[in-house]
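Everything quoted here is computed from the prediction, not taken from an experiment. Chain naming here is simple, since letters A, B, ... match the order of the sequence lines and numbering starts at 1 in each.
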Amino acid sequence: MRLSRYFLPVLKESPKEAEIVSHKLMLRAGMIKQQAAGSYSWLPLGFKVLNKIVKIIEEEQNRSGAVQLLMPTLQSADLWRESGRYDAYGKEMLRIQDRHERDLLYGPTNEEMITDIFRTFVRSYKDLPLNLYHIQWKFRDEVRPRFGTMRSREFLMKDAYSFDLDEAGAKRAFHRMFVAYLRTFYRMGLVGIPMRADTGPIGGDMSYEFHVLADTGESAVFLDSDLLDKPIPAVDTDFNGDLSPIFNDWTSLFAATDEMTDEATFRASVSGNKQMAARGIEVGHIFYFGTKYSEPMGAKVTGPDGKDVIVHMGSYGIGPTRLVPAVIEASHDDNGIIWPVSVAPFEAVLINLKAGDAGTDAACEALYAELNAAGLDTLYDDRDQPAGAKFATADLIGIPYQLILGPRGLKDGQAEIKHRKTGERETLPLGSAVARLKGLIEPQRRDKV
RNA sequence: CGGAGUAUAGCGCAGCCUGGUAGCGCACCUGCUUCGGGAGCAGGGGGUCGAGUGUUCGAAUCACUCUACUCCGACCA
């Protein structure tokens, strides 16, 4: 993409509405524009990151055996009356009437609707286990939206719903999602720590929130620091096999939010040098809720013995529009964002230090073509701007690698690569620049690990 | 929903206390010069001062009402 033809409205100063660093940087980098409280337009750069995150989620959901579909944003109130939640849900739920004065709502979640789909089509235990998911916009009329897209009213959510014959089956489904989530966050360059969460009236140990550690996290969390070094289940993990060893390994170490524990318990449970009190951003939540919806809504299958069985369900959420700021909170410096390669809007930025100079232009054009041919997603800064402005923009929008080309190096046939994360610079012959970048970038895509 | 604030050009701000026909920086447009860390000089465009009502000869400025947005708290992917 040529920057001169792109739409990248970067700001030198951050709008005063922004309080936390990710919000400021998303505004300054031209990723989002607020349209109302808790409602945002996603500008091209932000949308590109959001889509990369969504793609990773889809790949890992599919790998785990979940099947994607898409449900509407507007739902009939009748469905929610069946589960009893139409009255139980508070003012967070946006209620609407259509022209016939029928009650509708903008879905804050989809348990009722997916249960309706299930009961319509699934009749036999032979069709289980089943896990259906979608990635759709939700609306929750939060009393106080804040922190940009971290806590917005309209937000994108991946929600998966598992259906099993009994609790044992539901547990296996739960483990599959648990492992998928570990992989999903890892692939985004994050460490998503599973933490015991409130199970509500169901009880048991099948409710985990995944948190990304960040100073600006909304929850106080306590964990065993060994969790940060645990190996992530590999790409060839058998999702049809027994995943309980992985689950048991991860959950054997202490990790909980302040809602689930207190500091004294934490101090007593974890050895001193491994105690880690931090703050976390909740980026995912998986939980088992049994027959809470299947019972009242009549979601059942015929079992092996010919008798009807109410199915056991679980639901599994991830917030992509929250993950974008979460990545930024976890990875930035004074100059701007530092994207992990796997979610970066562009993998490299080619900086032409003297646009308009025939020699530099020609060399950049050649390199740009070479970068594209090598399959590297590249932004080419071909604008007629001072060098400093280009460096500042490149740093701000956080592209992992800058390939810098100017008359000075060019006369010796040299290009320069700057690593955004470390600030390291290397000078190398023009002819080897693309191969070098490819070698740096490909392993960091994390698409084969 | 309780408490506290803010609203003046695309963004960041001054002006308001002590009413007198709106200003600065950045951004934008034109020209020239620059060109390895947010360029320099010259010229230029852009604002019913959030909305409404009132006080006054006169309101960005004073009063009242409303709206939007932000922050703190309780709630949540």
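- For A:Q34, a side-chain nitrogen or oxygen approaches OP1 or OP2 of B:U70 to under 4.0 Å.
- Nearest nucleotide to the A:P15 side chain, out of B:A74, B:U70, B:G12: B:G12.
- A gap of 14 Å separates the C1' atoms of B:G20 and B:G15, to the nearest Å.
- Across all strands, A:S315 comes closer than 4.0 Å to no nucleic acid atom at all (heavy-atom distances).
- Listed nucleotides B:G38, B:A77, B:U70 differ in distance to A:T321; the shortest reach to its side chain belongs to B:A77.
- Pairing of B:C16, defined by two Watson-Crick or G-U wobble distances under 3.5 Å, is not identified with any nucleotide.
- Here A:R425 lies in heavy-atom contact (under 4.0 Å) with a base.
- With a 6.0 Å radius and a threshold of 12 heavy atoms from other residues, nucleotides or ligands, A:E259 has its CD atom at or below the threshold.
- Regarding A:R408, its CZ atom lies at a distance of 11 Å from the C1' atom of B:G37, rounded to whole Å.
- The cationic atom of A:K48 (NZ for Lys, CZ for Arg) lies less than 6.0 Å from the six-membered ring centre of A:F346 and within 45° of the ring axis.
- Nucleic acid contact for A:G409: base, since at least one base atom lies under 4.0 Å from a heavy atom of the residue.
- Within a 6.0 Å sphere centred on CG of A:N248, heavy atoms belonging to other residues, nucleotides or ligands number more than 12.
- Nearest nucleotide to the A:E92 side chain, out of B:C75, B:C35, B:A77: B:C75.
- Taking atom NZ on A:K12 and atom C1' on B:C11, their separation rounds to 11 Å, with Å as the unit.
- The only option from A:W250, A:F287, A:Y288, A:F247 that meets the ring pair (Phe, Tyr, Trp, His ring centres under 6.0 Å) definition with A:Y208 turns out to be A:F247.
- If you measure from atom CZ of A:F391 to atom C1' of B:C35, you get 11 Å, rounded to the nearest angstrom.
- Here, B:A59 and B:G40 have their C1' atoms 41 Å apart, quoted to the whole Å.
- Atom pair A:D384:CG and B:U34:C1' shows a separation of 10 Å (rounding to whole Å applied).
- Remark: B:A68 base-pairs with B:U6; criterion is Watson-Crick or G-U wobble with both hydrogen-bond distances under 3.5 Å.
- At the phosphate of B:C75, neither OP1 nor OP2 sits under 4.0 Å from any side-chain N or O atom of A:R144.
- Within the nucleic acid shown, A:G406 comes within 4.0 Å of at least one base atom, counting heavy atoms only.
- Phosphate proximity of B:C1 to A:K91: present, with a side-chain N or O under 4.0 Å from OP1 or OP2.
- A 3.5 Å limit on both hydrogen-bonding distances identifies no Watson-Crick or G-U partner for B:C49.
- Evaluation of atom-type donor-acceptor distances gives no pair under 3.5 Å for the side chain of A:R28 against the base of B:G12.
- Only one option out of A:E295, A:E112, A:K292, A:E111 pairs with A:S83 in a side chain to side chain donor-acceptor pair (under 3.5 Å); it is A:E112.
- Judged by Watson-Crick or G-U wobble contacts below 3.5 Å, the nucleotide B:A59 has no partner.
- Here the P atom of nucleotide B:A77 and the NZ atom of A:K138 are 12 Å apart, to the nearest Å.
- Rounded to whole Å, the separation between the C1' atoms of B:C75 and B:G38 comes to 42 Å.
- For the P atoms, the distance from B:G44 to B:U6 is 37 Å, rounded to whole Å.
- Between the P atoms of B:C16 and B:U34, the separation comes to 44 Å (whole Å).
- Relative to the side chain of A:T393, the nucleotides B:C69, B:G36, B:G38 differ in distance, and B:G38 lies closest.
- A:R146 has its CZ atom 19 Å from the P atom of B:A68, to the nearest Å.
- Side-chain contact between A:V191 and A:F185 is absent, with no heavy-atom pair separated by less than 4.5 Å.
- Across the P atoms, B:A7 and B:C17 are found 15 Å apart, a figure rounded to whole Å.
- Comparing B:C71, B:A77, B:C35 against the side chain of A:F155 picks out B:A77 as the nearest.
- For A:K230, the NZ atom sits in a packed shell: over 12 heavy atoms of surrounding residues, nucleotides or ligands are nearer than 6.0 Å.
- Both distances falling under 3.5 Å, in either a Watson-Crick or a G-U wobble arrangement, place B:A39 opposite B:U33.
- Proximity note for A:E142 (side chain, C-beta onward) versus B:G36, B:C71, B:C76: the nearest is B:C76.
- With both ends at atom P, the span from B:G10 to B:U67 equals 25 Å, rounded to whole Å.
- Atom-to-atom, CD of A:Q385 to C1' of B:A39 comes out at 10 Å; the value is rounded to the nearest Å.
- Between A:K16 atom NZ and B:G5 atom C1' there is a gap of 10 Å when expressed in whole angstrom units.
- B:A51 and B:A9: their P atoms are spaced 11 Å apart (whole Å).
- Among the protein residues, A:S14 comes within range of the sugar-phosphate backbone only, with heavy atoms under 4.0 Å from sugar or phosphate atoms but none that close to a base.
- The side chain of A:R140 approaches B:A77 more closely than any other nucleotide in the set B:A77, B:G37, B:C11.
- Between A:I318 and A:A355, the residue whose closest nucleotide on RNA chain B is further toward the 5' end is A:A355.
- Nearest to the side chain of A:V10, among B:G38, B:C75, B:G37, sits B:G38.
- For A:A392, whose side chain is taken as the heavy atoms from C-beta onward, the closest listed nucleotide among B:A77, B:C11, B:G38 is B:G38.
- At the heavy-atom level, A:A36 lies under 4.0 Å from the strands shown only through sugar-phosphate atoms.
- For A:R140 and A:F155, the positive end is not near the middle of the six-membered ring at less than 6.0 Å and at most 45° from its axis.
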